[in-house]
Amino acid sequence: MSDPLSCPEFLQDPYPFYDELRAAAPVQQVTAGSGGRPGYLVTGYAEAKSAFTHPGLSKDTARFFAGRSSGRSLHPAVARTMLATDPPEHTRLRRLVTKAFTAGAVTRLRPYVQHTADRLLDALPKNGEADLVAGLAIPLPVTVICQLLGVPEADRDQVRTWSNDLFAAGQPQRIDAASHAVAGYMADLIEAKRRVRDDSLLHDLITARDEGEQLTEDELVSLAVLLLVAGHETTTNFIGNAVLALLQHSALLDRVRSDPEQIGALLDELLRYDSPVGIATFRYSTQAITLGGAEIPAGVPVLISPGAANRDPARYPAPNRPDADRDARGHLAFGYGIHRCLGAPLALAETETALRTLLTRHPGLRLAVAPEELRWRCTRLMRGLESLPVLTQ
């Protein structure tokens, strides 16, 4: 089967494609990526959950691509992040940053998240048209993760541009150029923070590196890049997708309009319904395995689709409609197992704050265009809107 991104209709609404594929078989061979490599796509919930922790699947991209010819020039700090490693290397790197994203750490960040959301919403018209992606979904998580890392305010728009370029599907030169730009920027910022102490997470990592922690300079730059990019990309899509889901489903919208404090209880279902991650980051088989009835040979990519798995009717009855009363806590939008999204608590806090504050201020919020006119980002991994035009009131 050809790459689904070759079909424009897939970006607009991938779920009919996923439904058809899953109904035929929950694990199927596909063409994986622009290089035309054969691989396997996992669309069933049980199969995806198993794949996330399967001992026969690896995330070590350096090992997979070793000795393979490529015309790419992706910067190593982007090509080999913590996401592209297996234990024990992954365990060592993750331990260094886990404390910054605990529930307690996120609770301490909540006042800053609320202040940022208030400031951004102050800039929206009280009655008029606005783009919620540009006005809220992008700048809120970008501002928060940059504040956490200690990225100067003047650099934050450029950071967002580089991050967006890194996910430009089908544009390898643009991706490679952005990887070198953002890695170079973070290396320079690290040197600047060595000279001037602050209370940022980045300075904590620098201190760990310089005081003998098992962390190389290249790994330090790579961790910084990963936190910067992953720290806002998923949340941007989560906020946009969640607002759209509410505006398209009146029963949900009426419930949270009457009591915006219920937003927190709906977040898991909103994540399940339209996952901000369409296809999880790269994995490949290190040995021949059987998954969902498919015989997968060694040495091939295995793509896990949380977006598809979260709509599996075998796990969630009537999955193609959001249900405010559904217990969706088992969704796979943040992944599963040792690679589960480290920043999930922060993403939930940011999205809850954004939605609650938005609907409190603008209870009459509605779409400004027909749903079929909305444009979705052209990226393999992420499922997110280019823009979300709304009428505020």
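Quick note: numbers below take in every heavy atom, side chains included, and nothing from hydrogens, waters or symmetry partners. Please read these numbers as outputs of a predicted model, since none were measured by experiment.
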Hey, are the side chains of Leu270 and Leu252 touching, using non-hydrogen atoms and a 4.5 Å cut-off?
yes
Heavy atoms from other residues, nucleotides or ligands near CD of Glu153 exceed 12 (cutoff 6.0 Å):
no
Side-chain ion pair, Arg377 and Glu233, N-O less than 4.0 Å
yes
Taking Arg80 first and then Glu89, would you say they form a salt bridge - that is, a charged N and a carboxylate O separated by under 4.0 Å?
yes
Test: Arg272 and Asp323 ion pair at under 4.0 Å:
no
Main chain of Pro363, side chain of Arg257: is a donor-acceptor contact present, judged purely on distance under 3.5 Å?
yes
Tell me if the CZ atom of Arg63 is crowded by more than 12 foreign heavy atoms within 6.0 Å.
no
Within 6.0 angstrom of Glu191 CD, more than 12 heavy atoms from elsewhere:
yes
Would you call the rings of Tyr273 and His249 parallel, tilted or perpendicular, where under 30° means parallel and over 60° means perpendicular?
perpendicular
Is Thr91 reaching over with its side chain to a backbone N or O of Pro87, donor-acceptor style, under 3.5 angstrom?
no
Considering only heavy atoms from C-beta outward, does the side chain of Asp165 approach that of Ile175 to under 4.5 Å?
no
Classify the side-chain pair Lys59/Thr281 by whether it contains a donor and acceptor separated by less than 3.5 Å.
yes
Under the side chain to side chain contact (heavy atoms under 4.5 Å, CB included) criterion, do His339 and Arg283 qualify, and how do the steps go?
CA-CA 11 Å; His339 288 283; Arg283 285 170 172 79; 4.1 Å; yes
Heavy atoms, side chains only, cut-off 4.5 Å: are Pro319 and Asp312 in contact?
no
Begin from the C-alpha positions of Leu132 and Leu365 and carry the test side chain to side chain contact (heavy atoms under 4.5 Å, CB included) through to its verdict.
CA-CA 11 Å; Leu132 283 187; Leu365 190 76; 4.1 Å; yes
Can Asp122 and Arg361 be counted as an ion pair, charged N to O under 4.0 angstrom?
yes
For Tyr284 and Asp60, which heavy atoms make the closest approach, and how far apart are they?
CE2-O, 3.4 Å
Side chains of Thr235 and Pro276: does their closest heavy-atom pair fall under 4.5 Å?
no
Does either side chain, that of Asn310 or that of Arg315, offer a donor lying less than 3.5 Å from an acceptor on the other one?
no
Pair His203-Arg194, side chain to side chain contact (heavy atoms under 4.5 Å, CB included): steps then yes or no
CA-CA 7 Å; His203 193 275; Arg194 279 196 167 105; over 6 Å; no
Does Tyr112 belong to the same Ile/Leu/Val/Met/Phe/Trp/Tyr cluster as Leu358, with side-chain heavy atoms less than 4.5 Å apart forming each link?
yes
Going by heavy atoms in the side chains, are Leu57 and Ser285 under 4.5 Å from each other?
yes
d(Met382 CE, Asn241 CG) to nearest 0.5 Å is 11.0 Å
Do Ser200 and Leu149 come within less than 4.5 Å of each other through their side chains, counting heavy atoms only?
no
If you draw a 6.0 Å radius around CG in Asp254, do more than 12 non-hydrogen atoms from other residues or ligands fall strictly inside?
yes
Side chains of His331 and Asp268, donor plus acceptor under 3.5 Å
yes
Name the residue from Arg209, Arg94, Arg92 that meets the salt bridge (Lys or Arg N to Asp or Glu O under 4.0 Å) definition with Glu219.
Arg92
What pair of heavy atoms forms the shortest contact from Gly384 to Asn237, and how long is it?
CA-OD1, 3.3 Å
Should the pair Arg110-Glu352 be classified as a salt bridge under the 4.0 Å nitrogen-to-oxygen rule?
yes
I want to check something: taking the side chain as every heavy atom from C-beta on, are Leu388 and Leu136 in contact at a cut-off of under 4.5 Å?
no
Under a 4.5 Å cut-off applied to non-hydrogen side-chain atoms, are Leu93 and Thr98 in contact?
no
State whether Arg311 and Asp19 are salt-bridged, where the test is any N-O pair (Lys NZ or Arg NE/NH1/NH2 against Asp/Glu carboxylate O) under 4.0 Å.
no
Would you kindly say whether Ser58 and Asp86 are connected by a side-chain donor-acceptor distance under 3.5 Å?
yes
Students often mix this up, so state it plainly: with edges at 30° and 60°, are the rings of Tyr18 and Phe10 parallel, tilted or perpendicular?
perpendicular
Polar contact flag, side-chain donor to acceptor under 3.5 angstrom, Asp218-Thr216
no
For the pair Tyr316 and Tyr45, name the ring-plane relationship: parallel under 30°, tilted 30 to 60°, perpendicular over 60°.
perpendicular
Decide whether Thr290 and Glu295 meet the rule of one side-chain donor and one side-chain acceptor closer than 3.5 Å.
yes
Arg356 versus Gln114, side-chain donor and acceptor atoms under 3.5 Å:
yes
Evaluate side chain to side chain contact (heavy atoms under 4.5 Å, CB included) for Val225 paired with Thr81, printing each intermediate quantity in order.
CA-CA 8 Å; Val225 170; Thr81 69; 5.6 Å; no
